[in-house]
Amino acid sequence: MKFSRWFYLIPLIVMGNLMTSCGNSGDNEQQISIDGGAVGFSVSLAVAEEYQKLYPNAQVSVAASGTGGGFSKFCAGNLDIAGASRTIREEEIKKCADKGIEFIELPMALDGLAVVVNKENNFAKCLTIKELDIMWNAKSEGKITSWKQINPDFPDEKLLLFAPPSDTGTFDYFTQAVTGKRKNSRTDFTPSRNQNTLVQGVIGNKSGVAYLGIAFLLQNQDKLNGVAIENADGKCVKPVPLDNVLRNIYSPLSRPLFIYVNKNALTTNPSLERFVKFYLENSWKWVDGVGYVALPDEAYVKTKQKFERRETGTKFKKAKPGEPITNFI
């Protein structure tokens, strides 16, 4: 499986059966629906395709309407699995509760939010969280317009900002990690739900800067410069090589990706339980291939145990950006 095959599928919505012709029969397979964030979508898609090689009659739909969109459908009772690039919010938990929906929160991969600049940018090699805060804080809107305002050693060039829109998990996580508060971001940037569009924005503008999922940096390393971020130890660390994300030294911009499973649906849909077990036991095989980072071995063990216990609710809601994932499973 090659990474480039999956990369261009990320912005797409894939519905209906993924057709295969080998493996076990699975004659009594029921419909399984997954929707959620574009980041992490390719993992679920890869798992679904491999699952249907074993169960050709499986009916798995995989879509990417955004983390917020996925949770909206999930908490309305219209979805078996929500894919998320952030933790479920309090208001979403309440909506689920109002519908009598219990959920099982399962981390499935790690992602590093990459800060990228134009290939001709030879000055923004390492940025501090304070500098990123100056760049993206809501108070900076209309005021911080030059790279020199970020750091006096930088040239006086216009700052051109590109980012995912405010209803995405990537926006939420980055804003919280950099400014310390949700929704505390300036809005005078060029938004796009398609992170390929953000890539092209930076490629086409010498003064451009964006933040996006690490998969998009990996695919475009010959066209973009990945910026190192100064971590709590004062070291400038890039998200590549991916081991920096796994070892949690690319901090605080490393984050877990999740699937949220409707517990009630597990009792009425045996196909869903079989699929989730397959997901937890096998997804690590394809995570790196689609541009993310496999969980530590200990995390996979704990996640499977959590599913077997049918443990509901969220433990990650109070997790601070950069905290080790195993602290919250």
Side-chain angles (χ1 to χ4, degrees), residues 7-13 35-42 63-73 83-87 89 91-92 111-118 121 124 127 129 131-147 149-150 157-217 219-220 223-227 229 239 253 255 257 291 321:
F7 180 84
Y8 293 103
L9 288 171
I10 289 177
L12 302 179
I13 294 180
D35 196 353
V39 175
F41 164 78
S42 53
S65 63
T67 295
F71 276 133
S72 179
K73 295 175 184 178
S85 58
R86 61 163 170 80
T87 311
R89 295 175 182 164
E91 58 267 30
E92 291 161 339
D111 181 32
L113 288 187
V115 177
V116 298
V117 295
N118 186 275
N121 184 322
L127 292 171
I129 294 300
E131 288 170 337
L132 287 175
D133 185 22
I134 294 171
M135 188 183 293
W136 288 99
N137 198 293
K139 295 179 181 179
S140 300
E141 183 159 343
K143 300 175 183 177
I144 303 299
T145 58
S146 167
W147 277 98
Q149 292 174 281
I150 305 299
E157 295 180 2
K158 186 177 181 180
L159 191 64
L160 296 173
L161 301 163
F162 301 85
S166 59
D167 61 346
T168 62
T170 298
F171 175 95
D172 275 353
Y173 190 90
F174 183 87
T175 302
Q176 175 75 37
V178 166
T179 74
K181 292 172 60 179
R182 274 187 56 210
K183 301 182 180 180
N184 187 33
S185 173
R186 65 194 300 170
T187 61
D188 54 343
F189 62 87
T190 301
S192 179
R193 196 175 300 279
N194 183 346
Q195 295 194 32
N196 285 307
T197 302
L198 306 180
V199 167
Q200 294 304 317
V202 176
I203 290 174
N205 292 278
K206 184 179 177 181
S207 297
V209 58
Y211 61 86
L212 34 74
I214 195 173
F216 299 88
L217 170 60
Q219 183 69 10
N220 294 279
K223 302 172 186 175
L224 296 170
N225 285 340
V227 179
I229 305 301
L253 296 185
R255 60 173 174 173
L257 304 176

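Below, all heavy atoms of this structure are taken into account, side chains as well, without hydrogens, waters or symmetry copies.
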Any residue meeting salt bridge (Lys or Arg N to Asp or Glu O under 4.0 Å) with E92, in chain and number order, not counting sequence neighbours: R86
Set of salt bridge (Lys or Arg N to Asp or Glu O under 4.0 Å) partners for K158, sequence neighbours left out: none
Which residues pass the side chain to side chain contact (heavy atoms under 4.5 Å, CB included) test with [X], sequence neighbours left out?
X: A163; result: W136, F189, Y211
X: K181; result: T179, N184
X: T197; result: S192, N194
X: Q149; result: I144, T145, S146

Counterpart residues, ring pair (Phe, Tyr, Trp, His ring centres under 6.0 Å), relative to F171 (two or more places apart):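 With neighbours one apart ignored, the set is empty.
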Set of side chain to side chain donor-acceptor pair (under 3.5 Å) partners for [X], sequence neighbours left out:
X: N121; result: none
X: K73; result: D35
X: S207; result: E157
X: T170; result: R255

Summary of salt bridge (charged side-chain N to carboxylate O under 4.0 Å, His left out) pairs that have at least one residue in residues 131-140, sequence neighbours excluded: none
Atom pair CG/CH2 of L160 and W147 - distance to nearest 0.5 Å: 9.5 Å
Side chain proximity check, I229 to I129, heavy atoms < 4.5 angstrom: yes
side-chain contact (heavy atoms from CB on, under 4.5 Å) evaluation trace for D111 with L113: CA-CA 6 Å; D111 181 32; L113 288 187; 3.9 Å; yes
G213 backbone acceptor or donor facing Q195 side chain under 3.5 Å: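 It does hold such a pair.
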